Structure formats: C-alpha cells, structure tokens
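All values derive from a computational prediction rather than experimental measurement.
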Amino acid sequence: MTERAERVETGLFGEFGGSYLPEDLQKVLSMLADEFEKYRNDPEFEEEFRFYLKEYVGRDNPLTFAGNLTEKAGGAKIYLKREDLNHTGAHKINNVIGQILLAKRMGVKRVIAETGAGQHGVATATACAMFGMECTVYMGKVDTERQALNVFRMELLGANVVAVEKGQGRLKDAVDEALNDLVENYENTFYLLGSAVGPHPFPTMVKHFQSIISEESKRQIMEKEGKLPAAVVACVGGGSNAIGAFSHYIDEPDVRLIGVEPEEAATITNGVPAVIHGFKCLTLLDENGNPQPTNSIAAGLDYPGVGPEHSYLSTSGRAEYVTVSGQESLEAFQELSKTEGIIPALESAHAVAHATKLAKVLPKDDVIIVNLSGRGDKDVAQVYEMLKK
Ligand SMILES: *Cc1c(COP(=O)(O)O)cnc(C)c1O
C-alpha cells in the first residue's frame, strides 16, 4: 500500500485532516466513512454516478481554447475547463449527485445541508427534487437576508430553508445546527457537505466525486495538444473545485498545480495549523485564536479554513498557492466577458486573473488549464453595484 492511500484511509493528509469530534458525532461519521468505502469502487455505483453526470449535469463539459485571451496575454495557451456549463452553473453539482446517490444506497430519505451564499443549497435542493428526497437547508439568518433570491430558488425547488438566528447568524452557525440535526436524526438523515472540508470522510469523498474534472481535462488536453499542461490553475475557497481540477495531475510532477486565494481570505498563504469545524487545516485566526471573519467579493471563497489536502499540498510543496485581489478579479471578470463572451463567476475570475498573469511569463507552446468553476449570472447584480460606485 502506498503512503498516500494509507493516509487517505484514515482521513489524514500529513498533519492535516482527521476528525476531532464529540463521540456521538464521531460514531455517525465513522458509519458514513464505512458506507463510502463500500461504494467508492463499486462498478454499479460508478455507472449510476456517470449516468447522472451525463444525463442530468450535462458532462463531459468542454475544454475550450481561449484564443482571444491567449492572444491578449501574449504567452502560453489558455484553456478553460467549462464547469460553468454544468446544470445549475457550477462544479458543485458533481459532488451533490455523488453524495445523494450514496444517501440513496444507505436507504436515507432526508437530506440536510448548510449554505453560506446559497450556491451549495441550490445545488442540493435541485438534486433532491430530482431524486425525490426531502431537503432541509440551514442558512444563517443574516445570509438569508442578503441572499433572498437564493432562498426563494431553494423553496421553488421544494426545499425547507431554516434561517439560523443563533450566534452571528452566519455560515458557522448554520453548520452547527446541521450537525445537531444529524446527531439527532442520523438514522434517516444524510448530511450533504458542499466542499472538500470538514472531518473525515468528507474531504476524501468530495475529492472523489470532483475528480471527474481532471479526469476529463487530462483526456481532453491530450486529444487537443498531445501533451500535459504546464500548469493547472483553480480558485480555492474550501477547495473542492481545485482538488477536483488537480487530482489526476498530482502524480505528474511536471504539471504545476496552482491554487488562487482571494487576498481578503488567504487561508493557505497567511494561515496557521489549527482545528476548526472538527478537522485540522491551515486557518486564519484572530488574536484570541478564533476563526477570523473574511471578506472576499466572491462569497464562495469566504471561509477562514481550507481543505486538509490543500493544506498538505502546500506545506509539502507539491502545489503552489497565490493570492489575487478583489480588484484584479473584478477586472478579469470583465476581461473574460469581453474577450471570450464568457461571464465567469467572481470566484472563477480569481483563477482567470492569475492565469492571465502566468501566461505572459510562460513560453508560447506551454499550455495552462484554468478551471472555470462557475458562471457569473449570479454575480451580475453585485458587479453592477460595484462598477456604478
Ligand atoms: C462554491 C464555489 C467556489 C468555492 O468552493 P470550492 O469548494 O473552493 O470549489 C468556487 N467557485 C464557484 C463558482 C462556487 O460556486
């Protein structure tokens, strides 16, 4: 057995990951880890997963050559992996489908989730509608007010949205409520986590379902260019689109893996090892040792922690992590719209901003793959407000 396989099995990535939980919750997650292990290599499960990725999500999505952006940057060729073209407009649905299929195998009829900006809640509510699952989404009260339209979307899709008033009424409080619900109702309830974070088995499970991104992009770039990319670039919030975009290249030492964080929530760049939300990762702490509030213009990147595998890929030196400012991402948002006719999510615009800088300093026959994690329709009103000011 390789060293990595052993670590994944126990949910550790170097010193990061694992689970630090009260006993009753640990029991529930150990059960979940066993169920995941049972099905992750089951051909029938895999076939069903692939079926829904094709028929419902719309995969494979293209690897589009961004010719105009490449010409403007004047260096390496830029390709875009088009997660923005998935049903519901982002990569999150890949993981949601995988976890719902697991819930189905476990005989569970009720799904719960937490959501901050609402994107994961909408993806979860969508798949629950299709699979006939009862769906409850916990959301901080403050977030429900700021994201009223996403609350309405979830309700349209048949979900029950619970506004959490406890604490500060934010994402962290929604997570706490969802975990309480899970402990009370674990016999009929599945907690569907939205990023490559949290206690074991979530980071490993989310990576497994999101790794379809790099499985496709690797095949596609070999078909189009006959060689591997010089670099793969993806934005990092909790880290699910990035780990999916990286995973099939981790064992290819010549491919640079580059995660892009917002300057305003640069967890890996500025964080220290600490345990938050039941697992160990690089974390932004305030002077009292509490998770620090972050303030990125991209709501999906606003999290004081990050996936344990990214923490490990950073400290081990396999992947590089850089930062991009809100202003730079706003410029990239407009530039990709104008040059390629593709309006990216503000999260993805961080990756586009860095890739454009990188392309300028790499040779013309090099290839960069940017993971375009989502489309920007959800951000147009916000950008309108920002540009008017
Ligand atoms: C949620 C989201 C992200 C950030 O989450 P990760 O788990 O880091 O991928 C990035 N882009 C889009 C479009 C999102 O919706």
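The side-chain heavy atoms of E71 and K77, taken from C-beta on, include no pair separated by under 4.5 Å. Side-chain atoms of C128 and E134, non-hydrogen and from C-beta on, never get closer than 4.5 Å to each other. Counting only heavy atoms from C-beta outward, the side chains of M386 and I297 approach each other to under 4.5 Å. Between F190 and Q99, the closest side-chain pair of non-hydrogen atoms falls below 4.5 Å. Side-chain atoms of L69 and V352, non-hydrogen and from C-beta on, do get closer than 4.5 Å to each other. Put simply, the side chain of I268 reaches to within 4.5 Å of the side chain of E261, judged on heavy atoms. With a 4.5 Å cut-off on side-chain heavy atoms, L25 and L179 count as touching. Looking only at side-chain heavy atoms (C-beta outward), L372 and K81 stay at 4.5 Å or farther from each other.
Of the possible donor and acceptor atoms, one in the side chain of D173 sits under 3.5 Å from a partner among the backbone N and O of G169. Put simply, the side chain of N160 never gets that close to the backbone of T136: no donor and acceptor are under 3.5 Å apart. A donor-acceptor contact shorter than 3.5 Å links the side chain of N68 to the backbone of T339. In this structure, the side chain of N61 engages the main chain of R82 through a donor-acceptor pair within 3.5 Å. For the pair K218 (side chain) and H248 (backbone), a donor-acceptor distance under 3.5 Å is present.
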| Would E328 and K357 satisfy salt bridge (charged side-chain N to carboxylate O under 4.0 Å, His left out), going step by step from the backbone distance to the final call? | CA-CA 11 Å; E328 287 173 305; K357 282 191 236 173; 3.0 Å; yes
| field | From CA spacing to verdict: salt bridge (charged side-chain N to carboxylate O under 4.0 Å, His left out), E309, K207 | value | CA-CA 9 Å; E309 191 166 1; K207 177 192 184 185; 3.0 Å; yes
| query | Do Q168 and V142 pass the side chain to side chain contact (heavy atoms under 4.5 Å, CB included) test, and can you show the C-alpha distance, the side-chain angles, and the key distance before you say yes or no? | reply | CA-CA 8 Å; Q168 296 178 304; V142 175; over 6 Å; no
| Please walk me through it: do Y321 and T267 pass side chain to side chain donor-acceptor pair (under 3.5 Å)? | CA-CA 10 Å; Y321 295 85; T267 313; over 6 Å; no
| From CA spacing to verdict: side chain to side chain donor-acceptor pair (under 3.5 Å), T323, T269 | CA-CA 8 Å; T323 62; T269 309; 5.5 Å; no
| message | Working note: E114 + Y191, criterion side chain to side chain contact (heavy atoms under 4.5 Å, CB included); need CA distance, chi angles, decisive distance, verdict. | response | CA-CA 9 Å; E114 86 298 330; Y191 183 10; 2.7 Å; yes
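Between Y303 and H277, the distance from one ring center to the other falls under 6.0 angstrom. Ring centers of Y56 and H87: under 6.0 Å apart, within the cut-off. Aromatic ring centres of Y52 and F131 lie closer together than 6.0 Å. Ring to ring, F16 and Y312 are not that close: their centroids are 6.0 angstrom or more apart. Here H208 and F36 bring their ring centres to under 6.0 angstrom of each other.
No side-chain donor from either of N188 and K109 sits under 3.5 Å from a side-chain acceptor of the other. For the residue pair D302 and T294, a side-chain donor N or O sits within less than 3.5 Å of a side-chain acceptor on the partner. Side chain to side chain, Q26 and S30 meet the donor-acceptor criterion of an N or O pair below 3.5 Å. For the residue pair Y79 and T70, no side-chain donor N or O sits within less than 3.5 Å of a side-chain acceptor on the partner. A side-chain donor from one of Q210 and N94 sits under 3.5 Å from a side-chain acceptor of the other.
For D181, the salt bridge (charged side-chain N to carboxylate O under 4.0 Å, His left out) partners two or more places apart in sequence, or in a different chain, are R110.
Considering R50, K54, R59 as possible partners of E216, the one that fulfils the salt bridge (Lys or Arg N to Asp or Glu O under 4.0 Å) test is R59.
Annotation: the span from E320 atom CD to L257 atom CG amounts to 8.0 Å, rounded to 0.5 Å.
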